[in-house]
Amino acid sequence: MAHALRRASLTAATASVIVTLPSLFAGLGAPALAIPQLDLKPYPAAAAGQTRWVIQLPGVLPPGTDPRLSPHPSDWRVQLIPGRQVEADCNQQAFRGRFRASKLKGLGVSVYTVSDVGPTVSTRMACPPGQAKRKVFVPMGSKPFVVPYDASRPIVVYTPKDLQLRWRLWKAEKVQQPAQAL
């Protein structure tokens, strides 16, 4: 679904093409609903050498099939995964970097920046003869960076130009386990 990642550097002609759940239902004969325009005015443009990534989370998700998982968005988190697309052989690839969260003055909205990105390093294992290289996504090696799920605001992330950004949704279980006091 087009809710995933969108580069904020879209042209004016394509910036208004934002597919939302209501727009999908409109094509199915349901009453047409107003689709709010994504407002990026409060968010600064990307600096030279950076890309501004925008994640617009869907406000309504289909019910899950696992009854153990919480259906409440307040129990959900979004993991941000910056990475590089590289041509790799059989060796393991990795690189490091740093995530920083900062608040926009006057709004209290967080934006996220990836900085201090190092070079891609690799193991030096001998690969089987004739094994072809392949394109792989190498995620930035650090502890997972998660943010709260909030469908009312976009998640805005600034990365160096050579990185891509992916994300995934984490849902908590309904049951809370008691801890053991020792």
Side-chain angles (χ1 to χ4, degrees), residues 1-15 17-21 24 38 40 43-58 61-62 64-66 68-70 73 75-102 109-151 153-173:
M1 187 173 296
H3 281 296
L5 270 252
R6 290 190 235 11
R7 281 186 190 239
S9 59
L10 298 173
T11 64
T14 60
V17 180
I18 298 172
V19 178
T20 63
L21 225 42
L24 291 175
L38 186 60
L40 296 175
Y43 301 94
Q50 285 188 329
T51 301
R52 178 174 69 177
W53 300 91
V54 177
I55 302 168
Q56 181 65 45
L57 299 169
L61 292 175
T65 58
D66 190 343
R68 297 174 298 164
L69 297 180
S70 173
D75 292 332
W76 302 348
R77 300 293 177 266
V78 177
Q79 180 183 3
L80 303 175
I81 309 164
R84 289 185 174 130
Q85 193 78 21
V86 299
E87 192 169 299
D89 55 14
C90 67
N91 286 285
Q92 297 292 317
Q93 312 286 321
F95 73 96
R96 298 190 67 86
R98 176 182 227 164
F99 251 115
R100 290 192 180 124
S102 58
V109 177
S110 292
V111 295
Y112 307 97
T113 306
V114 176
S115 63
D116 303 329
V117 176
T120 303
V121 296
S122 173
T123 57
R124 303 296 243 160
M125 184 170 64
C127 297
Q131 184 180 39
K133 291 191 175 189
R134 65 202 190 290
K135 286 273 191 186
V136 295
F137 179 78
V138 178
M140 186 172 78
S142 61
K143 59 185 177 179
F145 192 81
V146 295
V147 298
Y149 185 98
D150 183 358
R153 297 178 190 223
I155 298 171
V156 178
V157 181
Y158 300 91
T159 68
K161 281 257 191 234
D162 68 326
L163 295 187
Q164 298 175 5
L165 184 71
R166 296 182 181 182
W167 65 281
R168 67 176 155 192
L169 185 61
W170 290 85
K171 293 183 178 183
E173 291 184 343

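The shown structure was predicted, so the numbers you read here are calculated from the model rather than taken from an experiment.
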Practice prompt. State, yes or no, whether a side-chain contact exists between Met140 and Phe99 at a heavy-atom distance under 4.5 Å.
Written response: yes
Worksheet entry | Over 12 foreign heavy atoms within 6.0 Å of CZ, Arg134 | yes
Discussion item. Counting C-beta onward and ignoring hydrogens, is there a side-chain heavy-atom pair between Pro154 and Tyr43 closer than 4.5 Å?
Written reply: yes
Fill in: Within-4.5 Å side-chain heavy-atom neighbours: Arg84 and Val117
yes
Worksheet item: Counting N and O atoms only, with roles assigned by atom type, does the side chain of Ser110 sit under 3.5 Å from a partner on the main chain of Ala101, one being a donor and the other an acceptor?
Response: no
Worksheet item: Within a radius of less than 6.0 Å around CD of Gln131, do more than 12 heavy atoms belonging to other residues, nucleotides or ligands occur?
Response: yes
Worksheet item: Given side chains that start at C-beta, do those of Phe95 and Leu163 come closer than 4.5 Å, heavy atoms only?
Response: yes
Worksheet item: Mind checking whether Arg52 and Val111 have side chains closer than 4.5 Å, heavy atoms only?
Response: no
Worksheet item: Where do Asn91 and Met125 come nearest, in terms of heavy atoms and distance?
Response: OD1-N, 2.5 Å
Practice prompt. Using the side-chain contact (heavy atoms from CB on, under 4.5 Å) rule, take Gln85 and Val136 through it: C-alpha gap first, then chi angles, then the decisive distance, then the call.
Written response: CA-CA 6 Å; Gln85 193 78 21; Val136 295; 5.7 Å; no
Discussion item. Please find the pair of heavy atoms, one from Pro128 and one from Cys90, that lie closest to each other, and give the distance.
Written reply: CD-SG, 4.2 Å
Worksheet item: On the ring face of Phe137, is Arg166 found with NZ or CZ under 6.0 Å from the centre and within 45° of the axis?
Response: yes
Worksheet entry | Heavy-atom side-chain contact between Ile55 and Leu165 under 4.5 Å | yes
Response to the item:
d(Asp75 CG, Lys171 NZ) to nearest 0.5 Å is 10.5 Å
Discussion item. Rounded to the nearest 0.5 Å, what separates atom OG1 in Thr120 from atom CZ in Arg96?
Written reply: 13.0 Å
Practice prompt. Determine whether Pro44 and Tyr158 make a side-chain contact, defined as any pair of heavy atoms from C-beta on separated by less than 4.5 Å.
Written response: yes
Worksheet, complete the sentence: The reported gap from OG1 in Thr159 to OH in Tyr112 (rounded to nearest 0.5 angstrom) is 15.5 Å
Practice prompt. Compare every heavy atom of Trp170 with every heavy atom of Gln79, then report the nearest pair and how far apart it is.
Written response: OE1-NE1, 2.8 Å
Worksheet entry | Interatomic spacing from OG1 in Thr51 to NZ in Lys161 - rounded to 0.5 Å | 4.0 Å
Practice prompt. Specify the closest pair of heavy atoms between Arg168 and Ile81, including all atoms of both residues, with the distance to one decimal.
Written response: NE-CD1, 3.9 Å
Practice prompt. Kindly compute the distance separating CD (Gln93) from CD (Glu87), expressed to the nearest 0.5 Å.
Written response: 10.5 Å
Item to complete: Using a 4.5 Å cut-off on heavy atoms from C-beta on, say whether the side chain of Val86 contacts that of Lys135.
Response: no
